Amino acid sequence: MKTTEPFTDLENEPNYTPLLNHLAPPPTAARKRLVIRVLSCITLVSLFFVLAFALIILNQKNYTRNTTDSALPEKSFRQFSQSDRLTWERTAFHFQPAKNFIYDPNGQLFHMGWYHLFYQYNPYAPVWGNMSWGHAVSKDLVNWFELPVAMVPTEWYDIEGVLSGSITVLPNGQIFALYTGNANDFSQLQCKAVPVNFSDPLLVKWVKYDSNPILYTPLGIGLKDYRDPSTVWTGPDGKHRMIMGTKRGNTGLVLVYHTTDYTNYVMLDEPLHSVPNTDMWECVDFYPVSLTNDSALDMAAYGSGIKHVIKESWEGHGMDWYSIGTYDANTDKWTPDNPDLDVGIGLRCDYGRFFASKSLYDPLKKRRITWGYVGESDSADQDLSRGWATVYNVGRTIVLDRKTGTHLLHWPVEEIDSLRHNGREFKELELEPGSIVPLDIGTATQLDIVATFKVDQDALKATSGSNDKYGCTTSSGAAERGSLGPFGVVVLADGALTELTPVYFYISKNKDGGVATHFCTDKLRSSLDYDGEKVVYGSTVPVLDDEELTMRLLVDHSIIEGFAQGGRTVITSRVYPTKAIYEEAKLLLFNNATDTSVKASLKIWQMAPAQIRPYPF
Ligand SMILES: OC[C@H]1O[C@@](CO)(OC[C@@]2(O[C@H]3O[C@H](CO)[C@@H](O)[C@H](O)[C@H]3O)O[C@H](CO)[C@@H](O)[C@@H]2O)[C@@H](O)[C@@H]1O
């Protein structure tokens with residue numbers, strides 16, 4: 001048998017290419033070998049490519065990790081739709097109803113174990129209109145149950161709105177509300193309502209008084225400049241008093257009324273207080289504060305060791321002003337401690353968005369708590385698309401700052417701390433002039449941040465003078481560099497730093513060595529989208545000799561609340577980032593001062609969402 005024949009045959013095959021002639025196998029075996037070799041080659045080449053690809057990926061991951069750890073922020077990749085953004089804007093631990101529009105807080109009270117919050121509410125749309133009294137209750141000031149709307153426009157005297165007012169609890173347990181009715185001719189009339197059942201812990205049903213309105217506009221006062229009656233309180237002489245804000249010409253003022261039966265009110269000739277050029281005083285609040293401790297006082301408190309605060313809301317300007325002074329119950333007159341810090345010209349409760357605030361004396365924990373509304377600054381169209389507008393601040397306790405004697409301290413209620421989890425601590429991080437330090441904390445959209453900054457004292461002393469005319473609101477924000485600032489925290493920043501909101505201190509010094517510390521929030525680059533307030537908010541904050549610079553920030557999606565020096569100066573902002581949202585939101589520290597380094601220490605907690613839902617009747 002010739003063993004060479006098949007070779008000859010194979011060689012005659014049109015597509016045959018000999019590999020190694022002398023080792024050539026018989027034809028079928030050769031075909032198999034050939035297939036195996038080709039497959040092996042393909043496998044080897046594929047393996048090579050897989051390995052190379054894996055190495056590239058690994059390298060990229062290492063690069064990402066390194067850049068995160070270094071001063072370079074990570075690049076943002078995820079794109080968000082309009083719908084993603086609007087969904088993200090809803091807050092997680094700030095009070096807001098499920099939908100539509102809230103405005104001034106009204107008539108808070110503590111009753112049978114529940115904190116009650118009533119509020120101006122439009123039940124039909126996310127814009128001002130159909131003003132009613134919405135109603136929610138809470139056991140802990142964090143989680144809320146929404147209740148049915150308590151009062152809606154029904155009568156000629158409030159058909160254009162059940163406007164703002166207050167609730168009074170009498171020593172015998174009786175409860176009544178005073179509110180302003182917006183009448184069919186838009187004049188403002190004062191009205192009374194009572195709960196149908198005082199022993200209902202939820203005070204669900206309310207009935208308007210048969211003889212409403214109980215007060216008409218006095219002579220000399222504009223028909224639309226007369227509103228927001230206060231809680232009634234009893235003075236040391238046993239007389240019951242109520243106050244209301246108004247204006248005469250351009251002078252803002254507080255009218256005082258006496259009553260013997262809580263229904264008929266007699267106006268005193270002289271106002272409690274007035275300040276020229278401060279215009280209409282809305283939502284006036286008046287309360288005592290202790291000079292000796294942090295325990296709050298109810299309205300009846302009077303005498304030595306007590307100061308009284310007037311708060312008014314400046315119509316049309318979104319600013320709440322307060323002043324500390326002395327109340328004389330014999331004359332029903334109030335005098336400011338410092339005329340330069342009088343009502344409407346001195347100090348604000350908050351230097352950002354916070355308006356129409358109203359406080360509650362909490363008999364359970366002996367504290368005074370205030371809420372205001374924090375309005376939107378984006379477009380009205382966006383409010384309509386979202387289906388809701390306006391949120392409330394986290395309830396804030398108010399005490400007199402006994403260290404300065406000049407300021408109040410506004411501070412988040414302690415209950416909000418219960419939402420903290422996954423705390424992280426950063427100690428003494430060195431921030432050189434001109435530095436940015438990313439903080440790797442994971443998701444950065446629901447945070448409670450407490451930050452302390454130590455300024456290089458040698459640099460502070462050596463600086464002979466620096467921007468002593470500085471002001472947050474007139475500055476160009478965190479990008480404006482001085483010897484001793486700005487430095488602070490950047491929240492809601494995207495990886496490429498195209499969107500960011502810095503909250504910071506800026507120290508200015510005059511030639512005589514006088515130092516002023518400014519606390520600012522820069523909204524100039526918060527959003528690439530429309531924001532009606534591309535501004536820098538802020539003011540000065542007193543810092544005493546033995547104090548470090550401290551700030552606390554509550555970041556909750558589209559709201560940032562900032563408290564400097566224990567709440568001496570507060571700034572609340574609404575922000576509408578388009579990229580710095582969901583997992584793309586980053587947190588950074590920065591020091592943009594030119595001559596001083598700063599050491600930053602921080603505690604940062606993630607914040608769990610609060611529960612806000614309909615009451616399960
Ligand atoms: O909801 C009424 C309560 O709100 C307060 C303070 O926030 O007054 C606001 C005020 O203006 C609103 O109504 C205007 C339409 O009339 C509207 O243009 C404006 O944007 C709204 O803020 O509401 C009353 C009544 O309309 C008006 O005199 C005020 O300027 C508080 O004072 C009211 O009780």
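Read the numbers this way: they start at 1 and go in the same order the structure lists the ligands and their atoms. Keep in mind that the numbers below use all heavy atoms, side chains included, and drop hydrogens, waters and symmetry copies. Since we're looking at a predicted model, the values are computed, not measured. Position 1 is the first residue of the sequence, and the numbers go up from there.
- The distance between the ring centers of Tyr121 and Trp128 does not fall below 6.0 angstrom.
- Atoms of ligand 1 lying under 4.0 Å from at least one heavy atom of Asp228, given by number and element, are 31 (C), 32 (O), 33 (C), 34 (O).
- A side chain to side chain donor-acceptor pair (under 3.5 Å) with Tyr179 is found for exactly one of Asp228, Asp158, Asn106, namely Asp158.
- In this structure, His135 has its ring center closer than 6.0 angstrom to the ring center of His116.
- Polar contact with ligand 1: absent for Tyr373 (N/O pair, distance under 3.5 Å).
- Ranking the protein heavy atoms by distance from atom 21 (C) of ligand 1 puts Tyr103 OH, 3.5 Å first.
- By the definition of a contact as any protein heavy atom under 4.0 Å away, atom 17 (C) of ligand 1 is not in contact.
- Here His308 and Phe286 bring their ring centres to under 6.0 angstrom of each other.
- Below 30°, between 30° and 60°, or above 60°: for Trp334 and His273 the angle between ring planes is above 60°, a perpendicular geometry.
- Under the 30°/60° scheme for interplanar angles, the aromatic rings of Tyr327 and Trp233 are found to stand perpendicular.
- Looking at atom 3 (C) of ligand 1, its nearest protein heavy atom turns out to be Asp104 OD2, 3.3 Å.
- Distance screen at 4.0 Å: atom 13 (O) of ligand 1 has a protein heavy-atom neighbour inside the cut-off.
- In terms of protein heavy-atom proximity, atom 23 (O) of ligand 1 is nearest to Trp128 CZ2, 3.9 Å.
- Leu347 is listed as a side-chain neighbour of Tyr351, based on a closest heavy-atom distance under 4.5 Å.
- Close approach of ligand 1 to Glu315 is summarised as follows: ligand atoms under 4.0 Å from at least one heavy atom of the residue are 28 (O), 29 (C), 30 (O).
- Scanning the protein heavy atoms around atom 1 (O) of ligand 1, the nearest turns out to be Gln120 OE1, 2.7 Å.
- Close contacts between ligand 1 and Leu163 involve ligand atoms 2 (C), 25 (C), 34 (O) [criterion: under 4.0 Å to a heavy atom].
- Each of the atoms 25 (C), 28 (O) of ligand 1 lies under 4.0 Å from some heavy atom of Gln188.
- The aromatic rings of Phe145 and Tyr615 stand perpendicular to each other, their planes meeting at an angle above 60°, with 30° marking the opposite boundary.
- The protein heavy-atom contact nearest to atom 9 (C) of ligand 1 is Glu282 OE2, 3.6 Å.
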